[in-house]
Asker: 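Before we start, here is the structure in question, set down as structure tokens.
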Amino acid sequence: MIDPKYLRQNAAAVATELARRGFDFDAGAYVELEEQRKKLQVATEALRAERNSSAKSIGQAKAQGKDVAPLLAAVKDLGDRLDAAGIDLSAVLEGIQSIEYGLPNILADRVPTGLDEFDNREERRWGEIPTFEFDARDHVDIGSGLGMLDFDSANKISGSRFTVMHAGLARLQRALIQLMLDTHTADHGYQEVYVPYLVHSAALYGTGQLPKFEDDQFKTNGEVPFYLIPTAEVPVTNIVRDSIIDADRLPLRFVAHTPCFRSEAGSYGRDTRGMIRQHQFEKVELVQMVRPSDSEAALEELTSHAERILQILELPYRVVTLCSGDVGFSAAITYDLEVWLPGQENYREISSCSCFTDFQARRMQARWRNPTTNKPELLHTLNGSGVAAGRALVAVMENYQQSDGSIRIPAALLPYMGGLTAIEPMIGY
RNA sequence: GGAGAGAUGGCUGAGUGGUCGAAAGCGCUCCCCUGCUAAGGGAGUAAGGGUUAAUAGCCCUUCGAGGGUUCGAAUCCCUCUCUCUCCGCCA
């Protein structure tokens, strides 16, 4: 959420800024609503103040044994007036709130202006793009050649956009997850957390998925619904919701491995082949809560932590800064890591590292106590995939494929593979 | 699933209709005193919001959540959620 105070005083400027995202904010209508709010709120609070002071005088008069009848008569219609004012006020407040919850974050200055992913700015590349002495296959061909990537079973069980993986392939994904968790906890100073995969709506409001992206979520149908997490960002970031963190505990750094569930509404035709875009996938997520003055540096650092995983795995990648039209709703700036996929002869997103400034913190009331002011102030939150395990598996499969159809195990994963040095075709299962 | 108890500020915990945003203690901050340390004395110490140039005043809201009664609710009534204890069941 954008600071309502700032929004009020700079509505037109915010509208100009949000236009960079292609977002249409009607500043005039907002300001008009704001003026109504101010009028109504001042009036309502004045009535409440009147009620409070009369109630107090009645109490005092009663204590002194005086006759309170005239005082009671004086406040007779106050309740009705208060009710009426309250109804008007809450209608306006509701309107304002729904606007405010629907506004995306203000972008960082250095976010390049652009329309879509084609306007993203490449920052750097790492690694050698591999060459093959045979026709490189994509992960679907490799996986089914191994007999380990089983979309038939997945389809039977759950339909499209699900995967069943067998034997070495399943283990390889687990090894990737282990490697990531070990690296981030041992080398990068993150604390591992285990979190719920079902969350209530307040958590999704906090990180910004709700109210706007309800359609992207899977939801249970109980009286109080649960949502399946679309990313560990949701439960992990909400750890600090409604709390005030001591300054000496900052920065908080969490790493969590969770499955992620996305309905992929609006992506019906995209990436239908293979396991690039699934309803369920595994991800290791990095989350940080930092002092506002530290967030810019923290994003660079967090991104480097995600990059480190690809470097350890010796997977070629590039880093892009998302352009204004491509940055997600809650983020002020996002770096995507795109890994090279020989099967597609293209770079594909494998990690998204974002700084949310105080946007999520304001929604969550996540604060820290600033020792210089001794006042609670909003934190800055950041997160990034470190990295998406399903896509990392795809990347390893395609980059480490061999002419005989097997997959060589990257050196960094050997300790996690129980002696396997390659994944060889399997017969039956 | 059954039975019972409970939810109050950073923590412990009082408070059954008015002077209660809330006793007391702990913790924390500042000051005083004692030549260190320990002990002692004093003051202060919730959050959100509005108004405003203002983190100066002033005002509103908040005692698990939501509704109700009342001039007035932490306190009375209703609904819900959560926590704890015991029993049952269970990975």
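In this text, all values refer to a predicted model and were calculated from it rather than measured experimentally. Chain letters run A, B, ... following the sequence lines, proteins first and then strands; every chain starts at 1.
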Asker: Once pairs are restricted to Watson-Crick or G-U wobble with both distances under 3.5 Å, how does RNA chain B read as a dot-bracket string, [ ] for crossings and | for other-strand pairs?
Answerer: ((((((((.[[[..)..(.....]]]((((((.......))))))((((((.....)))))).[[[[[..)....]]]]])))))))....
Asker: Could you tell me whether the side chain of A/Ile58 reaches within less than 4.5 Å of the side chain of A/Leu72, counting heavy atoms only?
Answerer: yes
Asker: If you restrict it to nitrogen or oxygen atoms, what contacts under 3.5 Å exist between nucleotides 63-71 of chain B and the protein, and what is each distance?
Answerer:
none

Asker: Going by the rule salt bridge (Lys or Arg N to Asp or Glu O under 4.0 Å), which residues pair with A/Arg253 if we only count those two or more places apart in sequence or in a different chain?
Answerer: A/Glu301
Asker: Go through B/C60, B/U51, B/G48 for me and flag the one nearest to the A/Glu45 side chain.
Answerer: B/C60
Asker: Determine the Euclidean distance between corresponding P atoms of B/A3 and B/U12; express it in Å to zero decimal places.
Answerer: 29 Å
Asker: Below 3.5 Å is the cut-off: list the nitrogen or oxygen pairs between protein and nucleotides 7-13 of chain B, distance only.
Answerer:
none

Asker: Pairs under 3.5 angstrom, nitrogen or oxygen only, protein versus nucleotides 52-58 of chain B, please.
Answerer:
from: B/U52; atom 1: OP1; to: A/Lys38; atom 2: NZ; distance (Å): 3.1
from: B/U52; atom 1: OP2; to: A/Lys38; atom 2: NZ; distance (Å): 3.0

Asker: If the condition is ring pair (Phe, Tyr, Trp, His ring centres under 6.0 Å), which residues does A/His305 pass it with, not counting sequence neighbours?
Answerer: A/His188, A/Tyr190
Asker: Apply ring pair (Phe, Tyr, Trp, His ring centres under 6.0 Å) to A/Tyr227 and list each qualifying residue two or more places apart in sequence or on a separate chain.
Answerer: none
Asker: Under the ring pair (Phe, Tyr, Trp, His ring centres under 6.0 Å) definition, can you give me all pairs with a residue in residues 29-78 of chain A, not counting sequence neighbours?
Answerer: A/Phe25-A/Tyr30
Asker: Can a donor-acceptor pair be found, under 3.5 Å and without considering hydrogens, that links the side chain of A/Thr303 to the backbone of A/Cys353?
Answerer: no
Asker: Can you name the ring pair (Phe, Tyr, Trp, His ring centres under 6.0 Å) partners of A/Tyr101, sequence neighbours left out?
Answerer: A/Tyr205
Asker: Who passes salt bridge (Lys or Arg N to Asp or Glu O under 4.0 Å) against A/Asp138, sequence neighbours left out?
Answerer: A/Arg273
Asker: The criterion is ring pair (Phe, Tyr, Trp, His ring centres under 6.0 Å); which residues satisfy it with A/Phe359, sequence neighbours excluded?
Answerer: A/Phe329
Asker: Does anything in residues 58-97 of chain A pair up under ring pair (Phe, Tyr, Trp, His ring centres under 6.0 Å), and if so which pairs, sequence neighbours excluded?
Answerer: none
